[in-house]
Amino acid sequence: MFQPNLLKDKIVLVTGGGTGLGRAMCERFLSLGAKVAIASRRQEVLEAAANEMSAASAYPVLPVACDVRHPEQVSTMLDTVMQHFGRIDVLVNNAAGNFISPTERLSHRAFDAVLGIVLHGTVYCTLELGKRWIAAGQPGTVLNIVTTYAWTGSGYVVPSAAAKAGVLALTRSLAVEWAKYGIRHVAIAPGPFPTEGAWSRLAPTPDLHEKLVARVPMGRVGDKSELANLASYLISDYAAYINGEVITIDGGEWLKGAGEFNELEAVPTEAWDRLAEMTKKGK
Ligand code: HXC
Ligand code: NAP
């Protein structure tokens, strides 16, 4: 389905690109001809990932250490990437922080830790690069990685839910405001995809892991390659008229939780004869 030159010569910057879903996206972008820079806090993780990905790619991956919570680091990181590649065509705001906790156990610092990475970090990267794109008259694409509770909300991950909701609002707002500059905004809302970063903080025990899987109508978690393929399409020129949209990739998970009667799945087949009898009589 994908032409090998789908992303040829596109310069793509992926925050959090050294691990998990970010890395899976980078590997796919590279295989489709993109040139890739990755940015996150841990230099050694970035360098190891960049070396491994570069070995399997036509173009070396550029690793740049940056904490997206600090706007001055974001600015320096963008300088480095633009000096190296000459420009940036696509920004993937993928870096995130998250953990499960009853909200009343959280300090304001815990809230700040997550909001700082997810909401402020996304804003700082988007704002700084957006200004540069606008000043240069250059078009661009921003892909934000959110999650389905950006619109439903969710207990026990409240800082993340509040932050991702903000990122979704940012996506839809700037999709309209910056369309006139040729800047396109899209988002992906993944359901559960096992990654070390997410699983260690959200499903640290086997029973919590099973609970996550049980929520998915398709009966399985996502494969990273499935998300990477969707991301590749969304940043490609074939998606040029998709702007302000969020695409869910969760095996139907959030709709299962939302549908009033979906739990009738648990009714045994033999009970349906009796229930049909009762409902046909209107009782
Ligand atoms: C309660 C916690 C906590 C926890 C940290 N804190 N972890 N409170 N429960 N599990 C509190 C600390 O006590 C501290 O508050 C404050 O948060 C800051 O903690 P630090 O460790 O100093 O923060 P920092 O080093 O900046 O690390 C940020 C982090 C960490 C978010 C806390 O987990 C991280 O680096 N995460 C990055 C990777 C990640 O989270 N990946 C998963 C993304 S998955 P006090 O008051 O004690 O000072 C995802 C999936 C969504 O988003 C959807 C899934 C379906
Ligand atoms: P992950 O591997 O933990 O990815 C998070 C990345 O963010 C890491 O590479 C981390 O690198 C980077 N990061 C964290 N804080 C940062 C900061 N302050 N500055 C710069 N980079 C920072 O987890 P993942 O599962 O792949 O998550 C990727 C994205 O998918 C996130 O947006 C997440 O919310 C979303 N998502 C994941 C799932 C899932 O099931 N996995 C579901 C829904 C949504 P450093 O530690 O080196 O900084």
Side-chain angles (χ1 to χ4, degrees), residues 13-27 38-50 63-71 73-74 77 92-122 124-125 143-150 152-154 156-165 167-168 187-204 208-209 211-213 215-216 220-224 226-228 230-231 246-251 253-254 257:
L13 166 62
V14 182
T15 65
T19 65
L21 299 182
R23 175 157 174 179
M25 285 188 275
C26 290
E27 286 171 1
I38 54 179
S40 77
R41 295 166 298 179
R42 293 170 298 163
Q43 178 81 41
E44 67 288 358
V45 171
L46 287 174
E47 273 175 13
V64 188
C66 170
D67 187 329
V68 295
R69 288 176 285 197
H70 301 293
Q73 287 191 33
V74 168
M77 179 268 289
V92 182
N93 285 308
N94 165 79
N98 199 1
F99 48 78
I100 46 171
S101 175
T103 307
E104 66 275 16
R105 291 171 62 104
L106 297 178
S107 67
H108 60 85
R109 284 176 295 275
F111 256 89
D112 287 347
V114 174
L115 282 160
I117 304 168
V118 176
L119 181 55
H120 291 171
T122 299
Y124 297 153
C125 292
L143 168 60
N144 291 325
I145 308 300
V146 294
T147 186
T148 54
Y149 58 61
T152 63
S154 175
Y156 301 96
V157 283
V158 170
S160 172
K164 294 286 192 185
V167 173
L168 183 56
I188 293 178
F193 284 73
T195 64
E196 207 277 326
W199 252 226
S200 62
R201 294 173 175 93
L202 302 172
L208 287 174
H209 178 236
K211 277 194 170 64
L212 275 182
V213 181
R215 291 174 47 79
V216 185
R220 67 170 177 89
V221 292
D223 187 292
K224 290 198 276 280
E226 294 170 319
L227 185 134
L230 174 59
V246 53
I247 313 283
T248 300
I249 179 165
D250 74 343
E253 183 203 23
W254 89 267

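Every number for a ligand or one of its atoms is a count from 1 in the order of the listing. In this text, all values refer to a predicted model and were calculated from it rather than measured experimentally. Side chains are part of it too, since the values below use all heavy atoms of this structure and drop only hydrogens, waters and symmetry mates.
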A student checking ligand 2 against Trp199 at a 4.0 Å heavy-atom cut-off should list atoms 40 (O)

Please could you name the atoms of ligand 2 that Ala198 approaches to less than 4.0 Å, counting only its heavy atoms? 25 (O), 41 (N)

Could you see which bit of Cys66 sits under 4.0 Å from ligand 2, with heavy atoms only: side chain, backbone, both or neither? backbone

Does any N or O in the side chain of Thr195 come within less than 3.5 Å of the main-chain N or O of Leu21, such that one atom is a donor and the other an acceptor? no

Between ligand 2 and Pro192, can you find any atom pair, the residue atom being a heavy atom, that is separated by under 4.0 Å? yes

Quick one: does ligand 2 sit under 4.0 Å from the side chain of Pro190, the backbone, both or neither, non-hydrogen atoms only? both

Nearest non-hydrogen protein atom, atom 44 (C) of ligand 2: Val146 O, 3.2 Å

Atom indices of ligand 2 within 4.0 angstrom of Gly20 heavy atoms, with elements: 2 (O), 26 (O)

Ligand-side contact atoms (ligand 2) for residue partner Arg69, heavy atom cut-off under 4.0 Å: 18 (N)

Please could you name the atoms of ligand 2 that Leu21 approaches to less than 4.0 Å, counting only its heavy atoms? 26 (O), 30 (O), 37 (C), 41 (N)

Under 4.0 Å from a heavy atom of Gly197: give me the atoms of ligand 2 that qualify, with their elements. 3 (O)

Is it the case that the side chain of Arg201 and the backbone of Gly197 share a donor-acceptor pair, with hydrogens and angles ignored and the cut-off at 3.5 Å? yes

Select one of side chain, backbone, both or neither to describe which atoms of Asn94 lie under 4.0 Å from any atom of ligand 2, heavy atoms only. both

Could you tell me if any non-hydrogen atom of Thr15 lies under 4.0 Å from any atom of ligand 2? no

Using a plain distance cutoff, I'd like to know if Phe193 has any nitrogen or oxygen under 3.5 Å from a nitrogen or oxygen of ligand 2. yes

So for Lys164, does at least one of its heavy atoms come nearer than 4.0 angstrom to any atom of ligand 2? yes

Identify which of Gln73, His70, Arg41 has a heavy atom lying nearest to atom 15 (N) of ligand 2. Arg41

For ligand 1, what are the residues with a heavy-atom contact below 4.0 Å? Arg41, Arg69, Ala96, Gly97, Asn98, Phe99, Leu106, Ser107, Arg109, Ala110, Ala113, Thr147, Tyr149, Gly197, Ala198, Arg201, Leu202

Distance-only N or O hit between ligand 2 and Arg42, under 3.5 Å: yes

Any nitrogen or oxygen of Ala39, side chain or backbone, less than 3.5 Å from one on ligand 2? no

